[in-house]
Visitor: 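Here's a structure for you.
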Amino acid sequence: TIASLTAREILDSRGNPTVEVDCILENGICGRAAVPSGASTGSREAVELRDGDVGRFGGKGVRKAVAHVNDIIAPDLISLDAREQAAIDETLIGLDGTDNKSHLGANALLGVSLAVARAAAMASDLPLYAYLGGPAATRLPVPHMNILNGGVHAHWQGADFQEFMIAPYGAGSLREAVEWGAEIYHALLALLEKRGLSVGVGDEGGFAPHVRSNEEPLELIVEAIGAAGLRAGPDVGIAIDPASSEFFKDGAYALHTEKRRLEAGEMVDYYAKLVANYPIVLIEDGMAEDDWDGWKRLNQTLGSSIELVGDDVFCTNPAIIARGIEENIANAVLIKTNQIGTLSETIAAARLARDHGWGAFVSHRSGETVDSFIADLVVALDAGHIKTGAPARGERVEKYNQLMRIEERLGIAARFAGLDAYVRPVR
Ligand code: PGA
Ligand code: ZN
């Protein structure tokens, strides 16, 4: 049973405050969790409560959310059984009382929800992935490593697209996939240096060079894969997250590298050309969150051949995902715990997708901590693929390192998702 819940303000990878929660049980076990934070957020995400006091952290303090855990949530959860995750999450949702968790803050709720799960797993003497996923949780995901950052994560005019990820699905194990990814990352570093391009990194640890087109990063990555002694296509694929809501302005897609505005149909053609010319297996947020017609067109054109993941458009929200499934606008959902605010709802979102033949792609945020909860979560959900940044920077590699530990612990039971990671077969 829960003896105490304590929240505090800590720093995330961007130097912004975030919430950390300790859940201590009667027997002394302590489960700890920290909450991530996005930069290119969907407008329907659960609300991340910030103090708004510009005298501290430019208004980004989280003392209110911390106080909500310590003063409002903790008294209600003390003496409950930590294994009752569903009931605890229901209580959190009830205490907040709003649709978007704006009263207590999704950052307050999520910190508690995840810390409770960690404590319960420890009390059950199980690794977190097994506590959440049961004995069937044995499949390691293909890591999608964001090695080239653009958009709002680059902090200057680089690529329009936010994320260029490598997917080492041809590896024989998670460990080998991580090794390939790190080798490609270093090959890309050498290539950028040779070309006189910047090797400074963006928020997710990928390089953020000043490229002049959205094809240039794809060419660089294909070359880096080759330089690492691997084959672009059969061994390693590419996934992109344009995060297109960020450049969707007044009903069109404004690409600064192209110096033009594309209508939805033109944007779909633009992607189709990229998919024809590069080994792209997955596009996330190809269309903007409010452009459902555009999403339908994209899905009609590319949805039968590659995975189309909705992030900003669904916000890990089961109600919105249900509508997306009904209207057939995509074939996969991104899964981010803090977009919805409790573990139970996160799991419900992934289940809903999988039950309808859709993919579930587990994700970090651009603002992270060393908390590796999502590494265990992706195995528990059997989701087959995860994105958690470059194979560099502590807050990114901690997730990949945890996945290697899980693979080791599973021993001969471990399987690597490989080409089966996707909802559409890789060509
Ligand atoms: P964010 O970006 O964490 O800054 O929202 C990640 C994404 O768009 O997938
Ligand atoms: Zn995204």
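Each ligand, and each atom within it, is numbered from 1 in the order the structure gives. For the numbers below, each heavy atom of this structure counts, side chains included, while hydrogens, waters and symmetry mates do not.
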Visitor: If only side-chain N and O atoms count, and only distance matters, is there a donor-acceptor pair under 3.5 Å linking Glu204 with Thr388?
Guide: no

Visitor: Please indicate whether any nitrogen or oxygen in Gln162 is less than 3.5 Å from any nitrogen or oxygen in ligand 1.
Guide: yes

Visitor: For atom 2 (O) of ligand 1, which candidate among His153, Arg365, Glu368 holds the nearest heavy atom?
Guide: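 It is His153 whose heavy atom sits nearest to atom 2 (O) of ligand 1.
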
Visitor: Name the one of Leu282, Asn146, Asp241 that satisfies side chain to side chain contact (heavy atoms under 4.5 Å, CB included) with Lys387?
Guide: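 With Lys387 as partner, side chain to side chain contact (heavy atoms under 4.5 Å, CB included) holds for just one option, Asp241.
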
Visitor: Quick one: nearest non-hydrogen protein atom to atom 7 (C) of ligand 1, plus distance?
Guide: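 Looking at atom 7 (C) of ligand 1, the protein heavy atom closest to it is Lys336 NZ, 3.1 Å.
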
Visitor: Working note: Thr6 + Asn70, criterion side-chain contact (heavy atoms from CB on, under 4.5 Å); need CA distance, chi angles, decisive distance, verdict.
Guide: CA-CA 6 Å; Thr6 311; Asn70 295 339; 4.3 Å; yes

Visitor: Could you please compute the angle at the Zn ion (ligand 2) from OD2 of Asp241 to OD2 of Asp311, rounded to 10°?
Guide: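 Rounded to 10°, it measures 170°.
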
Visitor: For atom 3 (O) of ligand 1, what's the nearest protein heavy-atom neighbour? Residue, atom name and distance, please.
Guide: Ser366 N, 2.8 Å

Visitor: Specify the protein heavy atom at minimum distance from atom 9 (O) of ligand 1: its residue, its atom name, and the distance to 0.1 Å.
Guide: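 Closest protein heavy atom to atom 9 (O) of ligand 1: Lys387 NZ, 2.6 Å.
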
Visitor: With a 4.0 Å cut-off on heavy atoms, is His364 touching ligand 1?
Guide: no

Visitor: Taking 4.0 angstrom as the limit, do Glu48 and Arg365 come out as a salt bridge?
Guide: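 Between Arg365 and Glu48 there is no salt bridge, as every charged N stays at least 4.0 Å from the carboxylate O atoms.
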
Visitor: Hey, mind stepping through His364 and Tyr400 against ring pair (Phe, Tyr, Trp, His ring centres under 6.0 Å) and telling me if it holds?
Guide: CA-CA 11 Å; His364 66 158; Tyr400 298 126; 8.4 Å; no

Visitor: Would you please determine whether Ser363 falls within less than 4.0 Å of ligand 1 on a heavy-atom basis?
Guide: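 No, that is not the case, since the closest heavy atom of the residue is not under 4.0 Å from the ligand.
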
Visitor: Can you list the atoms of ligand 1 that are under 4.0 Å from a heavy atom of Asp241?
Guide: 7 (C), 8 (O), 9 (O)

Visitor: Using a strict 4.0 Å threshold on nitrogen-to-oxygen distance, state whether Arg297 and Glu266 make a salt bridge.
Guide: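 Looking at Arg297 and Glu266, the cut-off is not met.
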
Visitor: The Zn ion (ligand 2) and Glu284: any N/O/S contact shorter than 2.8 Å?
Guide: yes

